[in-house]
Amino acid sequence: APISMAAQKETVEALAAVLPPFDNNPNACAASFTTNGRTWTFHVGRKAGVFTGAAFEASSPNGYGGEIRLMVGVTAANEIKCIKILAQKETPGLGTKIAEAPFISQFDGKRIEGPVWAVKKDQGDFDSVTGATISSRAVLGAIKAGLDVYGRHAGEIARTGE
């Protein structure tokens, strides 16, 4: 029970950090979709009944130190509000910089359609952390996978909880 409560608290805090302002309970207002055997849950934010955005947890097993988990917030205008790293085991002082500005803040305000969601070394539009390209690629891969699902279901997600 304590582990479950801690995980729920982590989710609620991450949703509050990445979603645009809301007055509903986005943890209880959610839409789920299964793609390639993975279930994606999109937590919907509403203010005065109007859709303000959605957030989803994404992960990649391809970090230098293993799995990287993050929460991604998307606005009603289809822009990234912000991203929060939830868990990572990257090299201290190097790969751990994926959770710090300027790396993590470069996504804020980006349209979900348009940018190439990859690091510049892979012909993408985003900088990697110097010396931690593997970690940077893992973060961008996780973001892109979630945004692909969000893009296919954006209308349905926006109507959740109406």
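Values in this document were obtained by computation on a predicted structure and should not be read as measured data. In this chain, numbering begins with 1 at the start of the sequence shown.
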Between Ser136 and Lys120, is a side chain to side chain contact (heavy atoms under 4.5 Å, CB included) present by the stated rule, with each step listed?
CA-CA 10 Å; Ser136 303; Lys120 289 181 179 174; over 6 Å; no

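- What you find for Ala58 and Ala142 is that their closest heavy atoms are CB-O, 3.5 Å.
- With values rounded to the nearest 0.5 angstrom, Lys97 atom NZ is found 14.5 Å from Ile104 atom CD1.
- Closest non-hydrogen pair, Gly63 versus Ala138, comes out as N-CB, 3.7 Å.
- Using modelled atom types, one side-chain atom of Trp117 and one backbone atom of Ile112 make a donor-acceptor pair closer than 3.5 Å.
- A distance of 8.5 Å separates CD in Gln106 from OG in Ser128, rounded to the nearest 0.5 Å.
- In this structure a side-chain-to-backbone donor-acceptor pair under 3.5 Å is missing from His43 to Ala55.
- Within a 6.0 Å sphere centred on OH of Tyr64, heavy atoms belonging to other residues, nucleotides or ligands number 12 at most.
- Within the structure, side-chain hydrogen bond (donor to acceptor under 3.5 Å, both in side chains) contacts touching residues 145-162 (residues at least two apart or in different chains) are Lys144-Asp148.
- Put simply, CZ on Arg69 and CD on Gln88 are 11.0 Å apart, with the number rounded to the nearest 0.5 Å.
- Residues Asp122 and Val116 have side chains not in contact (no heavy-atom distance under 4.5 Å, counting atoms from C-beta outward).
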Carefully, step by step, assess Glu113 and Asn78 under the rule side chain to side chain contact (heavy atoms under 4.5 Å, CB included).
CA-CA 8 Å; Glu113 294 175 355; Asn78 287 331; 5.8 Å; no

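- Connection of Phe33 to Phe51 is established within a shared hydrophobic cluster, with ILVMFWY side chains joined at heavy-atom distances below 4.5 Å, either directly or through further cluster members.
- The side-chain heavy atoms of Ile85 and Val139, taken from C-beta on, include a pair separated by under 4.5 Å.
- Not a single donor-acceptor pair under 3.5 Å links the side chain of Thr75 to the backbone N or O of Lys81.
- Annotation: the span from Arg46 atom CZ to Asp23 atom CG amounts to 10.5 Å, rounded to 0.5 Å.
- Panel note: side chain Thr52, backbone Gly45; a donor-acceptor pair is recorded below 3.5 Å.
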Take Ile80 and Val74 through the test side chain to side chain contact (heavy atoms under 4.5 Å, CB included) and record every step on the way to the result.
CA-CA 5 Å; Ile80 299 294; Val74 179; 4.3 Å; yes

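- Using a 30° and 60° split on the angle between ring planes, Phe103 and Phe107 fall in the perpendicular class, above 60°.
- Other cluster members for Met71: Leu15, Val18, Leu19, Phe22, Leu86, joined by side-chain heavy-atom distances under 4.5 Å among Ile, Leu, Val, Met, Phe, Trp and Tyr.
- Residues Ala17 and Cys82 approach most closely at O-SG, 3.2 Å, considering heavy atoms.
- Taken from CG in Asp127 to NZ in Lys121, the straight-line distance is 11.0 Å, to the nearest 0.5 Å.
- Separating the CG atom in Leu140 from the CG atom in Asn62 is a distance of 12.5 Å, to the nearest 0.5 Å.
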